[in-house]
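In what follows, a structure is listed as structure tokens, so that the remarks can point back to it.
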Amino acid sequence: MDKLKPTFHEGGKLAKLQSVYDGFETFLFTPNTTAKSGSHIHDNNDMKRTMSTVIVALIPCLLFAMYNTGLQHYIAIGQAGTGWFTMFIYGLLAMLPVIVVSYVVGLGIEFISAQIHHKEIQEGFLVTGILIPLIVPINTPLWMTAVATAFAVIFAKEVFGGTGMNIFNVALITRAFLFFSYPAEMSGDNAFVKLDSAFGMGSGTVVDGFSGATPLGQVATNVGPNLDGLNLDTWQAFLGTIPGSPGETSMIAILLGAAILLITGIASWRVMTSVFAGGIVMGFVAHAFATPTYPASMLDPLAQLCYGGFAFAAVFMATDPVTGARTRIGQYIYGFLIGVIAILIRVYNGGYPEGAMLAVLLMNAFAPLIDHCVVSFNIKRRQNRLKTNQQ
Amino acid sequence: MLLSKKNKEAFFNPLSKDNPVLVQVLGICSTLAVTVSLKPAIVMGISVIAVLAFANVIISFMRKTIPPTIRIIVQLVVVAALVIIVQQVLTAYSYDVSKQLSVFIGLIITNCILMGRLEAFALNNRPWPAFLDGVGNGLGYAIILVIVAFFRELLGSGTLFDTQVIPQCFYDAGYSNNGLMILPPMALIVVACIVWVHRARNKDLQEENN
């Protein structure tokens, strides 16, 4: 690799691809240059290593997502007895195109933009690229995913200055774009379970009366004084064997990822725990005033946390260090409000069965304000202390 | 005399270099609201051109007699009278479009472009340049409205002037209209894209990077 290096430098024949080369080199090897000015904290964990750890934390979700995609498909065509390995391979084949599209489109734009501005390629898309297939319903047509990814990378990231400068979470912007642009494909009973075959595998006709609605989707359209008729199973939701966006269903896989993020110290435990705290508090409040007008308010507060994208958003979206709050007290407020708003939207807005995405995006917008308030409050407090000490 | 250099500037500057929407960022509210499809956008554009041109001329005629302390009230009365005339004409001759535009014709009164031009130009200039300035600014506004509406209608509904332009075979192949284009946020993003292209082409408009 070092031998190739000179060809990419200014004047070399491949100078146009310099940022591509740089990107790959620093991705594979720790760079041997260090910052030359100012004081820096030494740590061999640079941004690329951080990103790689997040990807490792996402692997349980990814693997389970593949298995569950297969499982839901085989349930739909009435062959629930198929072996788990076949299901996994089916899910792998179903999800692979989405992953490829997301990376090709997103990285393509990043590479082009880096080359235009003669900058290094930023590594931020590594994580976004794997998050997108996990939060986009499996049945979304690939061109829609491509359009949404391009939109999100250009308008939510590049125009703000690239990795580390974005105000909103790029993966969630992708999903929000899809959600508002193509509502017919993104919600309802047919979005979350792949019914046709993947590369010729697992073909079959759909069983009569099969409904691929997610638990929250069923709850939202429920009519009647209670939810008994819905056949909801919180344990299944905890395991993850329910229809839903690929990565969000399994609480176990998400908790495993959360453990990896917390042990390596990459994600903020303050944000993570306060999102759950906010969700539980709002869940109890909603449950205390449960009415059939808002069916989701009849859900058990703890079950609220297992359904939908709440846990996934709490662990992988809210903890994004770029778009979240940075002060300690700010992180508590930020996380808590995400939890509260997610459940608030879920319960009281009939149009949106799930509110986690909107809650995180909304709080992304407020994170700088929260930080500003916390910092200025702190300054004021210390100034007052100084004054009283002087007297 | 009629088209001296100064008059030409009054007419042509607002079209691009000093565009009320792109450069002065005025009149954004109605740009978001009436650009879902081309037809209302064009009607809105014409209405604003008419109101702005005549308001400019009338205020310019009265510029020496208006006491400065109550000039805003006088301007508002003139604009309001013109807007009511436009509204009546629209209701009489194209009822459907006037329904679609609903309050936004009435809200021309509060359009910042109008007050801006009256204050900045009509009060200090003779009627003929004021007329040119009014038409120029109205056109500058209308052009942006039409461009935004073109993209929003094409991508959001697959139509132009309410006739289908995206062939049915596209839909059969899995294409679908972008619902976000119908919603106001996308109008803002389309306007932002136009500003982006505009500033990339006119380097002197770019702000200094601090």
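Residue numbering restarts at 1 for every chain, and letters A, B, ... go by the order of the sequence lines. This structure is a prediction, so every number in the text was calculated from the model and none was measured.
- Proximity to chain A (any heavy atom under 4.5 Å) is restricted, for B:Met186, to the side chain, taken from C-beta onward.
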Identify every side-chain donor-acceptor pair in residues 41-51 of chain B under 3.5 Å, counting partners at least two apart or on other chains, and give the distances.
residue	atom	partner	partner atom	Å
B:Ser47	OG	B:Val43	O	2.7

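- Proximity to chain B is limited to the side chain of A:Ile154, based on heavy atoms less than 4.5 angstrom apart.
- When heavy atoms are compared at a cutoff of 4.5 Å, A:Val147 does not approach chain B at all.
- In this structure, A:Phe180 CZ and B:Asn178 CG are separated by 12.0 Å, a value rounded to the nearest 0.5 Å.
- Ring geometry for B:Tyr175 against A:Trp143 counts as parallel: the plane angle stays under 30°, on a 0 to 90° scale with 60° as the upper cut.
- A:Glu248 is linked by a side chain to side chain donor-acceptor pair (under 3.5 Å) to nothing, counting only residues two or more places apart in sequence or in another chain.
- Ranked by heavy-atom pairs under 4.5 Å with chain A, the list B:Leu180, B:Asn177, B:Leu183, B:Ile182 is led by B:Leu180.
- A:Phe151 CZ to B:Ile189 CD1: the interatomic distance, rounded to the nearest 0.5 Å, is 3.5 Å.
- Within a 6.0 Å radius of CZ in B:Phe151, other residues, nucleotides and ligands contribute 12 heavy atoms or fewer.
- Two residues are said to be in side-chain contact when any heavy atoms from C-beta on lie closer than 4.5 Å; A:Met144 and B:Ser176 meet this criterion.
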